[in-house]
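Presented below is the structure to which this report refers.
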Protein chains: 4
Amino acid sequence: MAKPNGISKQELIQYAKQCLVEKGTEKFTLRAVADTAGVTQGTIYYHFRTKEQLLLGIVEDNCETSWQEISKSNTYVLKQAIASAKSRCSYDSFFHQLFILITAASFKNDKIRYQLSEIIQAENQALSENLLKIWSESPVKGVSMDTWGIMFNAMVDGLAMQALLQKDFPVEKVYQELEQVIGVLTSFGKKEAIE
Amino acid sequence: MAKPNGISKQELIQYAKQCLVEKGTEKFTLRAVADTAGVTQGTIYYHFRTKEQLLLGIVEDNCETSWQEISKSNTYVLKQAIASAKSRCSYDSFFHQLFILITAASFKNDKIRYQLSEIIQAENQALSENLLKIWSESPVKGVSMDTWGIMFNAMVDGLAMQALLQKDFPVEKVYQELEQVIGVLTSFGKKEAIE
Amino acid sequence: MAKPNGISKQELIQYAKQCLVEKGTEKFTLRAVADTAGVTQGTIYYHFRTKEQLLLGIVEDNCETSWQEISKSNTYVLKQAIASAKSRCSYDSFFHQLFILITAASFKNDKIRYQLSEIIQAENQALSENLLKIWSESPVKGVSMDTWGIMFNAMVDGLAMQALLQKDFPVEKVYQELEQVIGVLTSFGKKEAIE
Amino acid sequence: MAKPNGISKQELIQYAKQCLVEKGTEKFTLRAVADTAGVTQGTIYYHFRTKEQLLLGIVEDNCETSWQEISKSNTYVLKQAIASAKSRCSYDSFFHQLFILITAASFKNDKIRYQLSEIIQAENQALSENLLKIWSESPVKGVSMDTWGIMFNAMVDGLAMQALLQKDFPVEKVYQELEQVIGVLTSFGKKEAIE
DNA sequence: TATGAATGAGGTTTCATTCAT
DNA sequence: GATGAATGAAACCTCATTCAT
């Protein structure tokens, strides 16, 4: 019964994340979080005024994580981003399950919903900038770089969602062919914008 | 006190759908469904053995709806599909909210999860066939028509998710530019497959 | 979906008995009985005004069965009765489970309780008479034949209850030794009553 | 609104026992227990994870009570045990009603069933030892002391069950005559074992 | 005669939240 | 700071019973 006293907000959030994915939205109870963290429910209430505050904490944390990754990936190139996306594209993806679960919860919580949109827009922006690095300009006339970022991000999330549902989703094949498409677009971009 | 109102399973499912989107996963209670439908909770249990069965009923219903639309869209062309996707791409989209909610629920229910994957694969397939009609062959060498279907569907869902979260998501702009991209790909496909 | 119309009260009681033992008091619902009998709940209400009436029907039926066996066993001798008791002395004994279940229910239903007592007294009486046949008079002075009947019946039920609870209850051994005891008492009875 | 009344598991079990006998299996609801104990239903669930656990708690409690009595009775003699059994042999016996109710419940719960069998076997054992004290050896050849314990216990339970059902069961008479029988057996035992 | 849709009261259970310690 | 006993509202679910057909 060793009591590792002094649990931090941050730690609680990590445990809560774990719980959320392990138990799903339905069974995501404060009791479960407390058990996972090895503390009592009272302790959670010492750190978060309500359950909603805890959920918000999770989202904020994800937000920060995302920002860090994005700023990192700014220094790398697109390949890195794709590799990362591919690795998260699976039936058991913690990351995307969490995202879907929070998205589902966000429909009834405007604050969370807004934060999620901020995260996504930052991702879109970062992707757009990365694409610019390898394309220098949009390979298709009339399609802005912003839109390429949006579409790229949408594609990655959309594929992830399919993989999340379909056990034998052909991740390898699809990502390989997706890179093919990007390659072709890149080669056009380098020649001239296509009308 | 039995009043044979004559409510059908189908009607209950419709009311349940309405409830699910109006109240969100968290507040999607059988009492709420019962109230919405104007029956007692017992009545729901007469038609569905558990809440989960009701949820499954909703999914199955969506499945059938999807199938019908897909078989319809086979006779139409891709433009139709895009228009439909665009119309569903909004901050308040009942359709996509329901989908996300069910997806979230599916993580803890393999049966639902499997059914969802079936729906998606059917959509992918239908899209692939429609693309073939206007492309006759894949515009990018090494990218199978199946993959085009998958990617197209992923894109549509990904965009919808963004629109769901971001109030001022530029639906018009993005879809217009997406069509631009498709147009370009089509023109390539008509010349020759690109290496 | 062949509907064997015209189910009788008697048949319903048999199905109800089966249900009671298969599902236990707790899950002994009219729905379960109806399902077992292949009819609807309404049908049960056609034959029995309430659930209690059905339970009473079961008890009455058992009563009649008992009477029949008792009057039969009057013609046979004690050995028969013992063999029958032994065969019913097991971990899975339908007969005794039913008896315990009904006894439990009887605590809140005086009518049932009274009927059960009538059954038992009849059994006691029959046993007493059978003992008289082989003993001609009580082998122990001061112990009436009525009491022997009561004690014998109590012993049989008590052993059955133990067997009902204990998986490896040594039925064979105990009954063999019980017969030994009876044998000894009999031999005394034949010599002279013991003081 | 948390009022630390400080109700203990033990107390809850006592209240539950009271409820069980007062209301019978059918009406043995957690609401009733909560009301009797003066707490809310939630409180019960704080102490017992399910209703079944509470029932198990009752059984375990009875188990311990039995053990205590048994170990006590080891120091006393058989007369004590008989007197105790007789006092519990009545139409309203809390003790035996509880036992029957739990036995009925045990048919659907192997854990409870097993515990009951353990209690009974301990009783059998204790009785056998006590009989040995006054008999020194089995008064009937071929009948082991273990079996005497089993039979004695069965007799006591069987008589109790009859008394439970029959309002005017002749407790006094039967127990007096039962002691007579034991006396006779004892006197044999002292002479020599009977063949 | 029998059915099956519907009811409503009440059961067990869960859970965010409170508060004395 | 942290705990854990307690709450109470509300969730899911069951079931005897009713009644139009």
Side-chain angles (χ1 to χ4, degrees), chain A residues 3-8 26-34 39-55, chain B residues 1-9 12 26-34 37-54, chain C residues 3-8 26-34 37-55, chain D residues 1-9 12 26-34 37-54:
Chain A
K3 280 191 211 162
N5 264 352
I7 196 163
S8 71
E26 217 85 341
K27 299 281 174 199
F28 175 62
T29 72
L30 292 190
R31 166 75 104 115
V33 176
V39 297
T40 62
Q41 297 178 64
T43 304
I44 297 181
Y45 271 84
Y46 180 77
H47 290 287
F48 300 90
R49 261 197 351 279
T50 68
K51 188 187 185 183
E52 197 177 39
Q53 290 298 315
L54 175 58
L55 202 57
Chain B
M1 316 288 177
K3 287 179 220 151
N5 296 355
I7 197 162
S8 71
K9 251 179 148 152
L12 275 178
E26 217 84 344
K27 303 279 174 196
F28 175 62
T29 70
L30 292 187
R31 171 183 292 279
V33 176
V39 297
T40 62
Q41 294 180 61
T43 302
I44 298 182
Y45 276 89
Y46 181 78
H47 290 286
F48 300 90
R49 269 202 334 286
T50 67
K51 188 188 185 184
E52 196 178 40
Q53 289 299 314
L54 175 57
Chain C
K3 280 192 214 166
N5 264 353
I7 196 162
S8 72
E26 218 83 341
K27 300 280 172 198
F28 175 62
T29 70
L30 292 189
R31 165 76 104 113
V33 176
V39 298
T40 63
Q41 297 178 62
T43 305
I44 298 182
Y45 271 84
Y46 181 77
H47 289 287
F48 300 90
R49 258 198 354 279
T50 68
K51 188 188 184 183
E52 198 176 39
Q53 291 299 315
L54 174 57
L55 202 57
Chain D
M1 317 294 175
K3 286 180 222 152
N5 296 356
I7 197 163
S8 71
K9 253 179 147 153
L12 275 177
E26 217 85 343
K27 301 280 175 196
F28 174 61
T29 71
L30 292 187
R31 173 183 292 279
V33 176
V39 297
T40 62
Q41 296 179 61
T43 302
I44 298 181
Y45 275 87
Y46 182 78
H47 291 286
F48 300 90
R49 269 203 334 288
T50 65
K51 188 187 185 184
E52 195 178 42
Q53 289 299 314
L54 175 57

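Computed from a predicted model, the values in this text were never measured in an experiment. The basis for the numbers below is simple: all heavy atoms, side chains too, and nothing from hydrogens, waters or symmetry mates.
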Closest-nucleotide 5' rank along DNA chain F - winner of D/Gly42 and C/Thr29: D/Gly42
Using heavy-atom distances to pick each residue's nearest nucleotide on DNA chain F, tell me which of B/Arg31 and A/Tyr46 is more 5'. A/Tyr46
From [options], pick the nucleotide closest to the side chain of [X]?
| X | options | result |
| --- | --- | --- |
| C/His47 | F/dT18, E/dA2, E/dT7 | E/dA2 |
| B/Gln41 | F/dC12, F/dA16, F/dG1 | F/dC12 |
| D/Thr40 | F/dG8, E/dT17, F/dT17 | F/dG8 |

Short side-chain N/O contact from D/Tyr45 to OP1 or OP2 of E/dT13, under 4.0 Å: yes
In whole angstroms, how far is the [atom2] atom of [N] from the [atom1] atom of [X]?
| X | N | atom1 | atom2 | result |
| --- | --- | --- | --- | --- |
| B/Leu30 | E/dT7 | CG | C1' | 16 Å |
| D/Arg49 | E/dC15 | CZ | P | 14 Å |
| B/Ile44 | F/dT14 | CD1 | P | 13 Å |
| A/Lys27 | F/dA11 | NZ | P | 14 Å |
| A/Phe48 | F/dG1 | CZ | C1' | 15 Å |
| C/Leu54 | F/dC15 | CG | P | 15 Å |
| B/Phe28 | F/dC12 | CZ | C1' | 12 Å |

Set of side chain to side chain donor-acceptor pair (under 3.5 Å) partners for D/Gln53, sequence neighbours left out: none
Contacts of C/Thr50 meeting side chain to side chain donor-acceptor pair (under 3.5 Å) (sequence neighbours excluded), chain-then-number -> none
With heavy-atom distances below 4.5 Å as the criterion, would you say the side chains of C/Phe28 and C/Leu55 are in contact? yes
Taking all non-hydrogen atoms of both residues into account, name the closest pair between C/Leu30 and C/Ile44 and its distance. O-CD1, 3.5 Å
Look up atom OG1 in C/Thr40 and atom CZ in C/Arg31, then write down how far apart they are to the nearest 0.5 Å. 10.5 Å
Report the stems of DNA chain F as range-with-range entries sorted by first number; a stem here is at least three consecutive pairs, Watson-Crick or G-U wobble, both distances under 3.5 Å, and write none if there are none. E:2-21 with F:2-21
Let me spell it out: for each of D/Glu52 and B/Ser8, pick the nucleotide of DNA chain E with the closest heavy atom. Which residue's pick is nearer the 5' end? B/Ser8
